[in-house]
Amino acid sequence: SRTDPTIRAIVIDGLGTVYASSQGTVVKLSGGTWSTAGTGQGGGFSTSLAVDAANGVWSGQNGSVMRLAAGASAWVEMGSGLPEDTVNALAFDAAGNAYAGLDDGGVYVLAPGGLTCFFMPRFVPDGSVNALHFQRLKDKMGNRSNASSEVEFRDAYALQVGEEGRGVRRTSRPSSGGVRSCKVVS
């Protein structure tokens with residue numbers, strides 16, 4: 001067993017190696033022994049973990065996403081340019097694109113050209129409800145009025161907003177349309 005003060009996420013890769021996010025590092029259990037999983041993790045608190053189809057381990061932190069390729073010894077930053085917000089969820093679609101869900105809202109696609117912003121409406125053009133599958137509400141200490149959830153976007157409808165790779169610039173620029181959308185959704 002491992003007795004770190006806080007474990008935020010646990011994943012198991014296709015080879016059976018267990019990874020856990022701990023304060024300031026990701027550790028792995030291999031052959032009955034816990035050790036640091038790779039170098040260059042950036043020192044951020046890993047709040048989410050995911051494993052891609054190639055057995056690469058992904059770590060969501062505050063404002064960044066890191067990846068440790070299968071068999072590699074060093075982490076590589078994959079999501080530079082994210083807002084300074086906690087990455088609470090990571091997922092992959094069938095094409096292998098990575099998605100990062102942030103604590104204060106927003107889903108970012110880590111597209112080949114960089115972070116890309118998408119608008120995901122509650123209803124699709126035919127009037128039916130969009131395919132957002134809420135798995136659970138997360139327990140939060142001290143802030144229950146601002147709930148976080150785990151959401152699956154399987155077969156969900158979304159529209160790209162702006163150019164690929166310019167997602168952060170797009171969402172950080174104030175616009176009256178964005179403010180109206182927030183008020184309607186809230």
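- Closest approach of Ala54 to Ala70, counting heavy atoms only: O-CB, 3.5 Å.
- For the pair Ser46 and Arg8, the tightest heavy-atom approach, listed with the atom from each and the gap, is O-CB, 3.6 Å.
- In this structure, Ile10 and Val18 have side chains that are in contact, with non-hydrogen atoms separated by less than 4.5 Å.
- Atom CD1 of Ile12 is separated from atom CG of Asn55 by 12.0 Å, given to the nearest 0.5 angstrom.
- For Val107 against Tyr99, the heavy-atom pair with the smallest separation is CG1-CD2, 4.0 Å.
- Linking ILVMFWY residues whenever their side-chain heavy atoms come closer than 4.5 Å, directly or via other members, leaves Tyr157 and Tyr108 in distinct clusters.
- For residues 14-37, the set of pairs meeting the salt bridge (charged side-chain N to carboxylate O under 4.0 Å, His left out) definition, not counting sequence neighbours, is empty.
- Transitive grouping of hydrophobic side chains (ILVMFWY, heavy atoms separated by less than 4.5 Å) brings Val124 and Leu159 into a common cluster.
- With 3.5 Å as the limit, one finds a donor-acceptor pair spanning the side chains of Asp126 and Ser128.
- At least one donor-acceptor pair closer than 3.5 Å links the side chain of Thr39 to the backbone N or O of Ser73.
- In terms of heavy atoms, Glu77 sits closest to Ser64 at OE2-CB, 3.3 Å.
- Taking CG of Leu102 as the reference point, atom CG of Asn88 lies at 8.0 Å (rounded to 0.5 Å).
- When all heavy atoms of Trp58 and Asp52 are compared, the closest pair comes out as NE1-OD2, 2.7 Å.
- The CG atom of Asp13 lies 4.5 Å from the OH atom of Tyr19; values are rounded to the nearest 0.5 Å.
- Only one option out of Leu68, Leu49, Val65 pairs with Ser59 in a side-chain contact (heavy atoms from CB on, under 4.5 Å); it is Leu49.
- Between Phe123 and Val129, some side-chain heavy-atom pair lies under the 4.5 Å cut-off.
- The backbone N or O of Val57 lies less than 3.5 Å from no partner atom in the side chain of Trp75, so there is not a single donor-acceptor pair.
- In this structure a side-chain-to-backbone donor-acceptor pair under 3.5 Å is missing from Asn130 to Ala156.
- Counting heavy atoms from C-beta on, the side chains of Ser21 and Thr47 never come closer than 4.5 Å.
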